[in-house]
**Q** 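Take a look at this one; I'll ask things after.
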Amino acid sequence: MIDAQGLEALRLLDAYPRRGLTIRSGRGMYLEDDRGRLYLDMMSNYGVSILGHGHPAVVEALERQLRTLAGLHGSFAAEVRARAAGALLDRCGGGLAKVFFTNSGSEANEAALKFAVLATGRKKFIAFRRGFHGKTLGALSATDGGAYRLPFEPLLWEFEFAPFGEAAALEMIDGRTAGVIVEPVQGEGGVRVPPPSFLGGLAKACATAGAVLILDEIQTGMGRTGRFLASSSEVPCPDVITLGKGLAGGVPAGAVLLSGRVARAVPRKIHTSTFGGNPLAAAGVLAVLSVLDDGLLGRVEGLGRELAGRLRTAAAEDAFEIRGRGLMVGAEVGPERDSVLRLLQRERVLAIPAGPGVVRFLPPYILEEGHVEAAVRAFAAALAAVRTSRRLNYS
Ligand SMILES: Cc1ncc(COP(=O)(O)O)c(C=O)c1O
């Protein structure tokens, strides 16, 4: 009988790399495959399952909302949506005035770029080398990486790519700039942390030029780095923040948070979405926010430090760089990235790639020390196996 992988290969567009694994269910920190084998989830579905799989608060809230009302267009009001927007604004602080809900991270960035054009009357943007903001046309225009972009060029408006984390970016911001779009820590581009004051510098330069700073916190936000927003210490009063991934407990959702200045520039009806802000997603947002307290964020920071430290020890013999913030950790293993990922999977630990040579760990925040230990043991075993095969190839 043909299995799910075979059927997918026959029926689904061949759009994704294949991991050779059929996943049947998820519980807490583990995913179970179709043969009943358990895998330690160190990637949380590319950063989505921040509370692990089947978190009782999320399941209960979603079940209840599904029975009450799943969908409702934004032209009708829903209490759950209003509460979700309020709770998000409260958590983000810093003078943000309004929320626009979307269905994905890319869509949030699409909206944010349009809002920046409306707020400034300009169409020139600065984005960053190795930056990733999604693959829909607007978000793709801000995404670096020839392979994704080339077949579709020319893309939208005018985008210039600045070196990430360098002061040169500041000089590119001028009176023609509509906006700057930046990840506080680059994710897809290889888990790259900019130097302190980089984001603060961008915020100042944008304010001087009258440009809008779009902080793409789709991967770094919702507590991933140990703070609710990775940018908040440097940019206390942001113009625009985009969120996605774990925002609604696994229900597809994104959000744009806007300052009063930007919000006032967006006319009614110019940008809407049938599904955006549906009550099911709104209930997911409320459930996630109710769990994501300071205690949990503290754990993210502490366990992140422990994970990075132990991975560093495991990688010392190869001198691979380990970097990141909170539970967003990258190991720069170079051309053997795919072998390391495969070997980790053989050890029943799931991580994901980031950039050409980086293995990325984005575990759920419910991670415990024992899981850190197991992941590091598997990583050490994978590196040892790669070393052995390297030696065999040369002998
Ligand atoms: C920083 C960042 N922005 C945007 C996106 C796109 O989000 P989505 O895949 O939900 O459209 C991603 C996805 O990985 C991301 O990491």
Side-chain angles (χ1 to χ4, degrees), residues 15-17 43-50 100-116 125-145 147-149 155-156 159 161 164-165 179-194 198-199 202 213-225 229-231 235 238 240-257 273 275-278 281 284-285 288 324-330 351-355 358-363:
Y16 295 88
M43 53 99 193
S44 55
N45 192 23
Y46 277 71
V48 171
S49 319
I50 58 179
F100 178 80
F101 283 116
T102 67
N103 311 292
S104 69
S106 300
E107 277 182 63
N109 284 337
E110 295 284 331
L113 293 169
K114 288 174 76 176
F115 298 161
F125 286 87
I126 312 289
F128 290 88
R129 293 191 201 136
R130 294 203 180 99
F132 184 86
H133 303 287
K135 293 181 187 167
T136 53
L137 285 173
L140 182 63
S141 304
T143 290
D144 191 19
Y148 301 151
R149 298 171 54 96
L155 286 158
L156 279 193
F159 279 80
F161 288 86
F164 184 68
V180 174
I181 181 163
V182 65
E183 297 157 88
V185 176
Q186 286 188 332
E188 292 287 320
V191 190
R192 290 170 203 282
V193 185
F198 173 64
L199 295 177
L202 289 179
L213 179 61
I214 301 169
L215 292 158
D216 178 344
E217 293 249 21
I218 287 161
Q219 192 162 147
T220 54
M222 302 300 291
R224 172 60 63 190
T225 68
L229 295 175
S231 60
V235 190
V240 171
I241 286 177
T242 54
L243 294 172
K245 303 268 189 202
L247 173 65
V251 175
V256 189
L257 287 94
S273 157
F275 290 122
N278 63 79
V285 172
V288 169
R325 194 180 284 168
L327 286 175
M328 182 174 181
V329 181
I352 50 175
V358 176
V359 170
R360 181 171 29 156
F361 297 93
L362 291 177

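Start at 1 and go down the list; that is how both ligands and their atoms are numbered. For the numbers below, each heavy atom of this structure counts, side chains included, while hydrogens, waters and symmetry mates do not.
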**Q** The criterion is ring pair (Phe, Tyr, Trp, His ring centres under 6.0 Å); which residues satisfy it with F100, sequence neighbours excluded?
**A** F115, H271
**Q** Counting neighbours of CZ on F275 that are heavy atoms of other residues, nucleotides or ligands and sit closer than 6.0 Å, is the number greater than 12?
**A**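 Atom CZ in F275 is not packed in, count stays at 12 or less.
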**Q** What does the 4.0 Å heavy-atom contact list look like for ligand 1?
**A** S104, G105, S106, N109, F132, H133, G134, E183, E188, D216, I218, Q219, K245
**Q** Testing the 3.5 Å rule here: is there a donor-acceptor pair between the side chains of T136 and E107?
**A**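 There is no such pair (donor and acceptor under 3.5 Å, judged by atom type) between the side chains of T136 and E107.
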**Q** Do other residues, nucleotides or ligands put more than 12 heavy atoms under 6.0 Å from the CZ atom of R130?
**A**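 No, the 6.0 Å shell around CZ holds no more than 12 heavy atoms from other groups.
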**Q** In chain order, what residues pass the side-chain hydrogen bond (donor to acceptor under 3.5 Å, both in side chains) check against E183, with sequence neighbours excluded?
**A** none
**Q** Enumerate, atom names and distances included, each donor-acceptor pair closer than 3.5 Å involving a side-chain atom of residues 43-50, sequence neighbours excluded.
**A**
residue: S44; atom: OG; partner: R224; partner atom: NH2; Å: 3.1
residue: S44; atom: OG; partner: L362; partner atom: O; Å: 2.5

